Amino acid sequence: SFQYTGNITNKINTKDNLLFKTPLTQWDNGMQHKIPVSATFNLFKYINIVPSFNYTERWYLRKVMQSYDASATSRDHVKRDTINGFNRVYDYNLSLQMNTKLYGMYKPLFMKSKELQIRHVFTPTVSYTYTPDFGKKKYGYYDTYTYTDEKGEVRTVEYSPYDGAVYGKPGKGMSQNISFSVDNNIEMKMKSDKDSTGYKKISLIDQLGGSLSYDFANRRWSDLSMNLRLKLTKSYTFNMNASFAT
């Protein structure tokens, strides 16, 4: 599947008699393009593979560069220069998901096989996501300036020329995660003359799941999240969520 979404914003805060006299370079404007691409494949007949690629691009007509100037009238003594021109700011991320379903059937020995059966559905999922570090100098989305403070120490300040832009800016730092999750569903099927199909389904455990992820960049595991859902009656459902520190 392939999709495209485009948005254009052009706004200004000014007096009504100056609205059409203000040049376009002084307006807050931009255009954003979003293109998600995904596919579904089947591996070994039973494993579903879902790769996806998400691309976002922003177009801006100006950027603001900063430098330290002790004579500047601003409180932080920072000089801000607006540079007009076309600026292309983009970012993207990749992901890959694998999942399958395992079915188990149990027939109690003390019952006739056709009168009662218990089915267990086990759904494991493994996902991997990757986002590059768009804070690197080669992208130009972040810059720095230096100054000497009152104690004579040299300080470095990092900023983005696209701070305050209508569609924001790409984030800093590489992100690389792998996550694991499992879901369980257990239901019982009993023979019943009251049901039109001849059998009545009873949910024993509607959902019992857990998820855990590992952050490669920071080399740490996330907390283990678990959830339980029981259908007590047709009108009442019991939900419980828990989190365990790893």
Side-chain angles (χ1 to χ4, degrees), residues 2-38 52-95 128-177 213-220 222:
F2 174 89
Q3 293 181 341
Y4 168 79
T5 303
N7 294 283
I8 298 177
T9 297
N10 194 42
K11 62 182 181 179
I12 191 172
N13 185 10
T14 186
K15 295 181 180 180
D16 55 356
N17 62 329
L18 299 176
L19 181 62
F20 298 104
K21 297 179 181 180
T22 306
L24 188 63
T25 54
Q26 295 183 18
W27 290 59
D28 291 329
N29 45 46
M31 185 171 185
Q32 179 176 254
H33 314 270
K34 285 194 172 186
I35 305 176
V37 182
S38 63
S52 63
F53 172 76
N54 297 290
Y55 181 81
T56 301
E57 182 166 310
R58 310 159 185 86
W59 292 351
Y60 297 133
L61 297 182
R62 70 169 181 264
K63 60 182 178 180
V64 180
M65 304 302 294
Q66 299 182 18
S67 60
Y68 185 79
D69 186 356
S71 62
T73 56
S74 60
R75 181 180 299 179
D76 53 6
H77 299 293
V78 175
K79 183 181 178 182
R80 293 172 173 83
D81 296 318
T82 300
I83 301 175
N84 297 317
F86 178 76
N87 298 279
R88 175 173 165 262
V89 181
Y90 69 90
D91 65 325
Y92 61 87
N93 64 74
L94 304 165
S95 67
Y128 172 79
T129 59
Y130 170 73
T131 303
D133 181 8
F134 291 101
K136 290 183 177 180
K137 191 174 182 179
K138 66 178 182 179
Y139 295 106
Y141 302 153
Y142 293 86
D143 207 338
T144 60
Y145 66 85
T146 59
Y147 72 96
T148 304
D149 62 12
E150 298 174 351
K151 298 180 179 179
E153 296 182 2
V154 178
R155 303 287 186 180
T156 300
V157 177
E158 187 178 61
Y159 72 96
S160 172
Y162 306 102
D163 284 332
V166 290
Y167 292 114
K169 59 186 184 294
K172 287 185 58 184
M174 183 191 71
S175 174
Q176 190 176 189
N177 291 278
S213 65
Y214 181 75
D215 185 346
F216 286 95
N218 298 310
R219 296 183 179 181
R220 66 183 181 190
S222 71

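Just so it is clear, the structure is predicted and the values come from calculations on it, not from any experiment.
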Sequence neighbours left out, what passes side chain to side chain donor-acceptor pair (under 3.5 Å) with [X]? Give chain and number order.
X: S95; value: S52
X: N218; value: D215
X: N54; value: N93
X: Y167; value: T9

>> I'd like to know whether F2 forms a side-chain contact (heavy atoms from CB on, under 4.5 Å) with I35, so could you lay out the CA-CA distance, the side-chain angles of the two residues, the decisive distance to 0.1 Å, and finally the verdict.
In response: CA-CA 7 Å; F2 174 89; I35 305 176; 3.3 Å; yes
> How far apart are the closest heavy atoms of Y60 and A165, and which atoms are they?
Replying inline: CZ-CB, 3.4 Å
> What closest approach, in Å, do Y159 and T144 show between heavy atoms, and which atom pair accounts for it?
Replying inline: CE2-N, 4.0 Å
Return the [atom1] to [atom2] distance between [X] and [Y], rounded to the nearest 0.5 Å.
X: S160; Y: Y142; atom1: OG; atom2: OH; value: 5.5 Å
X: S175; Y: Y130; atom1: OG; atom2: OH; value: 9.5 Å
X: Y147; Y: T156; atom1: OH; atom2: OG1; value: 9.0 Å

> So, the side chain of T148 versus the backbone of V154: is there a donor-acceptor pair under 3.5 Å, distance only?
Replying inline: no
> Under the side chain to side chain contact (heavy atoms under 4.5 Å, CB included) test, which residues partner R62, sequence neighbours left out?
Replying inline: D28, T82, N84
>> Is the shortest side-chain heavy-atom distance between Y145 and V78 below 4.5 Å?
In response: yes
> Less than 4.5 Å apart, any side-chain heavy atom of W59 and any of Q32?
Replying inline: no
> Among all residues two or more places apart in sequence or in another chain, which pass the ring-ring contact (aromatic ring centres under 6.0 Å, His included) test with Y4?
Replying inline: H33
Donor-acceptor list for residues 131-139 side chains, cut-off 3.5 Å, not counting sequence neighbours:
unit_1	atom_1	unit_2	atom_2	d
D133	OD1	G135	N	2.9
D133	OD1	G173	N	2.7

Sequence neighbours excluded and cut-off under 3.5 Å, please list the side-chain donor-acceptor pairs for residues 85-92, or say none.
unit_1	atom_1	unit_2	atom_2	d
N87	OD1	Y162	OH	3.4
N87	ND2	G85	O	3.0
R88	NE	E57	OE1	3.0
R88	NE	E57	OE2	3.2
R88	NH2	Y55	OH	3.4
D91	OD1	R58	NH1	3.2
D91	OD1	R58	NH2	3.4

>> Show every side-chain hydrogen bond (donor to acceptor under 3.5 Å, both in side chains) that has at least one partner inside residues 10-20, sequence neighbours left out.
In response: N10-N29
What side-chain donor-acceptor pairs closer than 3.5 Å can you find for residues 63-70, not counting sequence neighbours?
unit_1	atom_1	unit_2	atom_2	d
D69	OD1	S71	N	3.1
D69	OD1	S71	OG	2.7
D69	OD2	S71	OG	3.4

> Do any pairs count as a salt bridge (charged side-chain N to carboxylate O under 4.0 Å, His left out) and have a residue in residues 145-169, sequence neighbours left out, and if so which ones?
Replying inline: D149-R155, E153-R155, E158-K172, D163-K169
